[in-house]
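Data block below; observations after.
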Amino acid sequence: MSFDHQRIEEKWRNYWLDNKTFKSDSDTNKDKYYVLDMFPYPSGAGLHVGHPEGYTATDIIARMKRMQGYEVLHPMGWDAFGLPAEQYALDTGNDPEEFTRQNIETFRRQIQELGFSYDWDREINTTDPNYYKWTQWIFLKLYEKGLAYIDEVPVNWCPALGTVLANEEVIDGKSERGGHPVERRPMKQWMLKITAYADRLLEDLEELDWPESIKDMQRNWIGRSEGAEVHFGIDGLEDTFTVFTTRPDTLFGATYTVMAPEHPLIDKIVSTEQQQKVADYIKDVQAKSDLERTDLAKEKSGVFTGAYAVNPINREKLPIWVADYVLMSYGSGAIMAVPAHDERDYEFAVKFELPIIPVVEGGNTEKEAFTGSGPHINSAFLDGLDTQEAIVKAIDWLEAHGKGERKVTYRLRDWLFSRQRYWGEPIPIIHWEDGTMSAVREEDLPLELPKTNEIKPSGTGESPLANIEDWVSVVDPETGKKGRRETNTMPQWAGSCWYFLRYIDPQNPDALADYERLEKWLPADTYIGGAEHAVLHLLYARFWHKFLYDIGVVPTKEPFQKLYNQGMILGENNEKMSKSKGNVVNPDEIVASHGADTLRLYEMFMGPLDAAVAWSTNGLDGARRFLDRVWRLFVTEDGKMSGKVVADSSDTSLEKAYHETVKKVTENFEALRFNTGISQMMVFINEAYKAKEIPQLFAEGFVKLLSPVAPHLAEEIWESFGHSETLAYQSWPAFDEAKLVEDEVEVAIQVMGKVRAKMMVSKDASKDELEKQALELESIQDWLEGKTVRKVIAVPGKLVNIVAN
RNA sequence: GCGGGUGUGGCGGAAUUGGCAGACGCGCUAGAUUUAGGAUCUAGUGUCUUCGACGUGGGGGUUCAAGUCCCUCCACCCGCACCA
């Protein structure tokens with residue numbers, strides 16, 4: 001008989017909600033455990049089967065930790081600002097707030113139907129003014145400390161979306177959302193000075209328990225690079241310009257210099273003869289999109305300016321070129337070119353027939369650039385030194401002569417923080433008619449987003465808020481000075497940078513969270529979400545957290561101690577699930593047909609949590625079959641404890657299997673290896689079916705082990721065993737190491753590394769005994785006939801290997 | 001191109017420090033049971049030329065012993081991509 005999942009799941013879902021079973025208490029003296037999910041964007045499409053994968057993983061940890069006696073914080077909320085709601089509103093004329101509210105209702109219902117043990121009293125929503133009040137407050141603090149500033153920067157303007165996108169939201173020259181073309185356009189934008197934290201963001205990665213791949217991605221993203229700035233004079237002019245190089249040791253090999261097309265000095269230095277050519281080239285480059293500029297990378301282009309730089313180390317005159325392989329946004333926007341020892345410079349020098357002077361011995365610069373290290377040549381006082389020594393000596397020389405200095409640069413750029421959108425947190429700044437600017441006073445927060453049914457882009461690049469005159473115009477009540485509110489809003493990342501703090505104290509009207517409570521709960525012990533947030537969300541959140549740490553708001557340097565990335569669930573055809581491919585699995589349907597417990601079990605059993613695995617309907621059926629087997633084993637047709645389960649059983653046949661199961665399940669769950677933990681539970685059930693009777697202690701222990709994965713079913717079985725209290729806080733089973741070892745163990749006997757026989761021996765049998773017994777075996781003697789035993793390796797408890805020929 | 005990762009039966013995947021490859025599940029085969037079943041139970045299931053041999057992407061090596069360590073090549077996935 002199979003269990004009635006619809007009845008059981010509804011019963012326990014309501015029980016947990018009505019009794020607030022999973023409410024966490026910040027004032028206990030239990031040890032804390034904070035298990036965090038990446039909160040979802042509540043899209044109109046509803047929950048995807050990918051969501052429950054990570055949520056089940058964290059739920060298993062949360063439920064296990066509760067049973068192990070921890071006070072567990074396990075919250076859920078909504079990352080509800082964002083473009084889709086705004087786009088929907090534009091398309092349909094509906095209110096994004098209403099649309100978002102409905103989506104949240106759907107998500108909450110779906111998540112609750114899956115039986116996750118969230119404390120719903122801590123639910124947060126980034127679009128709630130009581131929440132974004134604090135998002136705005138953090139912005140004001142950043143502004144106060146000079147970390148938020150306005151800059152005129154070339155931005156990724158997307159005409160179709162009517163907004164500016166961050167670099168990372170542009171993929172292959174198109175918008176990440178919608179795939180619309182993106183162009184460069186200079187605009188005044190709010191920037192956050194994340195680069196001020198570059199070193200700390202890099203260094204503190206060391207102490208985090210994160211996947212190495214994610215740490216690496218963050219390291220690459222930050223892109224720290226040590227070298228020197230070198231100041232070059234310009235022949236015939238007073239001006240100088242600066243280049244950044246990681247190889248100051250090759251300064252004697254510089255044969256030309258290059259400025260990025262946007263370099264401000266070009267206009268000034270260009271010679272009359274070259275003026276037209278340079279202007280044409282720059283115009284050409286500007287017409288190219290970023291995509292074209294990088295795509296055409298294979299063929300170098302550039303033009304001579306007619307001007308010459310003076311190499312500070314030897315007074316050599318070097319032609320100054322303009323080329324788009326030099327980027328204005330990195331270093332100082334100009335380089336010294338050492339074609340003998342840099343592949344890009346080499347390629348350029350070959351194409352434009354510029355001299356190539358080797359200064360490091362080792363390669364063949366007739367054929368290619370040599371980027372390795374070796375003794376220096378043609379380099380005056382650096383001759384004979386190896387690369388490392390020469391770098392140090394070159395920098396020392398530059399510093400001593402005022403021609404340059406040691407310098408660290410980063411690939412990381414400041415964070416473009418404004419968006420020309422309606423559905424985001426308003427930036428709490430007022431621009432006054434006299435050209436000054438001031439922050440909205442803290443006591444006036446939250447600065448609420450005005451209601452409107454006019455959310456079309458203004459088209460000028462301003463957000464739709466610019467159209468709402470009542471809201472935009474302000475008058476200083478004291479001076480009568482007129483002003484205009486900032487019309488840009490914050491990007492979606494803003495709310496998700498600190499949401500895990502608000503869960504800790506979600507109703508606090510006076511602070512984003514109480515400091516003592518933050519001390520109790522931080523950092524998040526386990527944080528699980530998709531790998532797509534490897535750099536953006538995780539880097540931005542770390543940045544804000546470090547800032548909040550610096551101003552004394554949070555007690556820890558890092559927000560997320562242990563991070564894990566769940567993999568993707570693919571469609572049955574092994575492709576990414578998508579509406580267009582028609583391979584989307586809807587969790588609601590699975591919950592109806594197989595039940596939430598089955599879905600949870602199946603998603604955890606599919607494979608390792610971090611792997612991308614294809615959905616399988618057969619596999620899902622198998623998961624359900626296992627739960628049915630468990631149910632039938634323990635519960636009778638009329639819902640009572642099965643007669644096979646015996647309270648005072650003296651049957652010890654299941655002892656070893658039970659203790660092994662407790663051990664493996666506990667360890668595997670702890671390490672997020674749910675697939676192997678579940679397989680061990682299956683082994684136990686297979687054994688239990690073979691046993692004559694099952695001691696009730698083992699049956700109850702098993703139900704506890706199963707409960708984090710299949711909580712509804714486990715509660716029901718627990719109740720049928722005669723318990724009236726929820727299983728959620730019962731103590732987690734312990735195992736006895738002594739019960740794991742048997743007196744007799746089977747060892748394999750190998751001849752020349754191949755298993756030829758097996759025998760049962762006492763677990764304490766010594767090497768000598770093993771060897772002796774193995775050699776006496778008849779079947780082994782057959783194998784040894786005509787051979788001489790050269791050596792015998794005996795590993796107690798494992799095997800004996802006889803080397804003979 | 002650079003960085004990271006993965007490669008094991010028909011399929012998803014297991015295998016502490018190198019120590020019996022293929023746990024567990026799916027699928028498949030046979031039997032039992034059933035009015036019947038896509039239900040349940042039992043047994044079997046890596047390949048082959050089956051008292052044996054061969055098997056963890058290919059090739060080589062270290063070792064008594066290699067999925068695991070070393071070298072090399074191949075394929076696929078993810079991230080970055082003229083970062084000086």
Side-chain angles (χ1 to χ4, degrees), chain A residues 1-2 211-221 223-225 227-228 243-248 250 257-258 260 293-298 300 323-327 329-338 341-345 347-348 409-413 531-532 534-535 565 567-568 574 601-602 605-608 610-623 625-626 628-629 632 664 667 673 675-686 689-690 746-758 782 790-795 797-804:
Chain A
M1 196 198 72
S2 109
E212 203 49 41
S213 61
I214 301 290
K215 288 194 195 181
D216 252 341
M217 280 165 72
Q218 293 219 344
R219 287 187 193 110
N220 292 339
W221 193 263
R224 181 188 153 98
S225 156
V243 307
F244 174 73
T245 177
T246 55
R247 296 291 304 273
T250 60
T257 66
V258 188
R293 242 175 110 163
T294 44
D295 231 33
L296 293 173
K298 288 177 184 91
K300 293 268 183 297
D324 67 355
Y325 82 94
V326 173
L327 308 175
S329 52
Y330 185 78
S332 52
I335 62 155
M336 63 175 212
V338 186
H341 305 292
D342 181 283
E343 283 161 23
R344 296 150 301 179
D345 298 343
E347 202 185 314
F348 191 82
T409 54
Y410 301 90
R411 202 189 78 104
L412 181 71
R413 326 246 181 96
E532 66 272 22
V535 273
N565 293 117
M568 216 185 331
N574 241 301
L601 176 76
Y602 173 60
F605 185 62
M606 288 174 90
D610 60 355
V613 185
W615 183 265
S616 154
T617 304
N618 280 332
L620 180 73
D621 290 340
R625 206 142 48 216
F626 171 66
D628 278 334
R629 264 165 77 75
R632 279 198 312 270
K664 283 196 179 166
E667 289 174 358
R673 290 194 302 260
N675 54 332
T676 50
I678 290 165
S679 95
Q680 182 59 39
M681 289 198 273
M682 292 173 169
V683 170
F684 178 78
I685 290 299
N686 290 344
Y689 261 91
K690 289 176 197 155
E746 190 186 56
V747 295
I749 318 298
Q750 299 179 333
V751 178
M752 296 302 287
K754 295 209 162 65
V755 180
R756 299 302 184 189
K758 292 181 181 180
D782 290 348
R790 306 283 175 191
K791 192 175 176 186
V792 179
I793 292 102
V795 183
K798 287 254 164 70
L799 55 67
V800 179
N801 189 9
I802 301 162
V803 186

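Just so you know, these numbers come straight off a predicted model, no measurement behind them. In what follows, every chain begins at residue 1, and chains take the letters A, B, ... in the order their sequences are listed.
Of the side-chain N and O atoms in R411(A), one or more sit less than 4.0 angstrom from OP1 or OP2 of A81(B). Using a 4.0 Å cut-off, no side-chain N or O of S616(A) falls inside it from OP1 or OP2 of C11(B). Regarding contacts with the backbone of G19(B), every side-chain N or O of N801(A) stays at 4.0 angstrom or more from both OP1 and OP2. Distances shown here put every side-chain N or O of R219(A) at or beyond 4.0 Å from the OP1 or OP2 atom of G4(B). An OP1 or OP2 oxygen of G27(B) is reached within less than 4.0 angstrom by a side-chain nitrogen or oxygen of R625(A). One finds no side-chain N or O of N574(A) lying less than 4.0 angstrom from the OP1 or OP2 phosphate oxygen of G12(B).
Base pairing of G31(B) is made with C41(B), judged by Watson-Crick or G-U wobble geometry with both donor-acceptor distances under 3.5 Å. Base pairing of C2(B): its partner is G79(B), meeting the Watson-Crick or G-U wobble criterion (both donor-acceptor distances under 3.5 Å). Within the shown strands, G61(B) is the pairing partner of C69(B) under the Watson-Crick or G-U definition, both distances less than 3.5 Å. Of all nucleotides present, none satisfies the Watson-Crick or G-U wobble test against A14(B) with each distance under 3.5 Å. Pair check for A23(B) finds none; no Watson-Crick or G-U wobble contact set falls under 3.5 Å. With a cut-off of 3.5 Å on both Watson-Crick or G-U wobble distances, the partner of A36(B) is given as none. Across all strands shown, C48(B) pairs with G52(B); the Watson-Crick or G-U wobble distances both stay below 3.5 Å.
Heavy atoms of R673(A) sit nowhere under 4.0 angstrom from any nucleic acid atom. The residue R756(A) sits close only to the backbone: its heavy atoms come under 4.0 Å of sugar-phosphate atoms, none of a base. Residue D621(A) is out of contact with every strand shown, counting any heavy-atom pair closer than 4.0 Å. Within the 4.0 angstrom heavy-atom criterion, no nucleotide atom of any strand lies near G223(A).
In this entry the base of U8(B) is anti relative to its sugar, with a glycosidic angle more than 90° from 0. In this structure G9(B) sits in the syn conformation; its chi angle is within 90° of 0.
Between A23(B) and C70(B), the two C1' atoms lie 29 Å apart (nearest whole Å). C26(B) sits 27 Å from A75(B) when the C1' atoms are compared, rounded to a whole Å. Nucleotides U16(B) and G12(B) are separated by 24 Å at their C1' atoms, to the nearest Å. Comparing the C1' positions of C82(B) and U68(B) gives an interatomic distance of 40 Å, to the nearest angstrom. Comparing the P positions of C71(B) and G22(B) gives an interatomic distance of 29 Å, to the nearest angstrom. Going from the C1' atom of U8(B) to that of G67(B) covers 7 Å, rounded to whole Å. Here, U50(B) and G55(B) have their C1' atoms 15 Å apart, quoted to the whole Å. Remark: the separation of the P atoms in C76(B) and C28(B) is 32 Å, to the nearest Å.
The separation between Q750(A) atom CD and A66(B) atom C1' is 12 Å, rounded to whole Å. One can place CG of D216(A) at 12 Å from C1' of C2(B), the figure rounded to the nearest angstrom. Across the protein-nucleic acid pair, I678(A) atom CD1 and C26(B) atom C1' stand 15 Å apart, rounded to whole Å. In this structure, the CH2 atom of W221(A) is 6 Å from the P atom of A81(B), given to the nearest Å. Counting to the nearest Å, the P atom of C24(B) and the CZ atom of F605(A) are 10 Å from each other. In this structure, CG of N618(A) is placed 15 Å from P of G25(B), rounded to the nearest angstrom. Between the CD1 atom of I214(A) and the P atom of C80(B) there is a distance of 11 Å, rounded to whole Å. Computed from coordinates, the M606(A) CE to G12(B) P distance equals 11 Å when rounded to whole Å.
Rounding to the nearest 0.5 Å gives a distance of 5.0 Å between CD of Q750(A) and CG of L799(A). Distance CD1/I802(A) to CZ/R756(A): 11.0 Å, rounded to 0.5 Å.
At a threshold of 4.5 Å between non-hydrogen side-chain atoms, the residues I335(A) and D345(A) count as touching.
Checking C20(B), C41(B), C64(B) against every side-chain atom of V803(A), the shortest atom distance belongs to C64(B). Checking A23(B), A84(B), C64(B) against every side-chain atom of K791(A), the shortest atom distance belongs to C64(B). Out of C64(B), G12(B), G25(B), the shortest distance to the side chain of M682(A) is found at G25(B). In this structure, of G4(B), A84(B), G13(B), it is G13(B) that holds the atom nearest to the side chain of V613(A).
Looking at N686(A) and R629(A), their side chains do bring a donor and an acceptor atom within 3.5 Å of each other.
Comment: R219(A) engages D216(A) in a salt bridge, judged by a side-chain N to carboxylate O separation of less than 4.0 angstrom.
Under a 3.5 Å cut-off, the side chain of Y602(A) and the backbone N or O of S616(A) do form a donor-acceptor pair.
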Test side chain to side chain contact (heavy atoms under 4.5 Å, CB included) applied to M336(A) and T250(A), step by step
CA-CA 10 Å; M336(A) 63 175 212; T250(A) 60; 3.7 Å; yes
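Along RNA chain B, the nucleotide nearest V747(A) and the nucleotide nearest I793(A) are compared for position; the residue whose nucleotide lies closer to the 5' end is V747(A). Heavy-atom nearest nucleotides on RNA chain B were determined for S332(A) and for L799(A), and the one closer to the 5' end corresponds to L799(A).
No more than 12 heavy atoms of other residues, nucleotides or ligands shown are found within 6.0 angstrom of CD on E343(A).
Taking the six-membered ring where tryptophan is involved, the planes of Y325(A) and F348(A) are tilted, since the angle between them lies from 30° to 60°.
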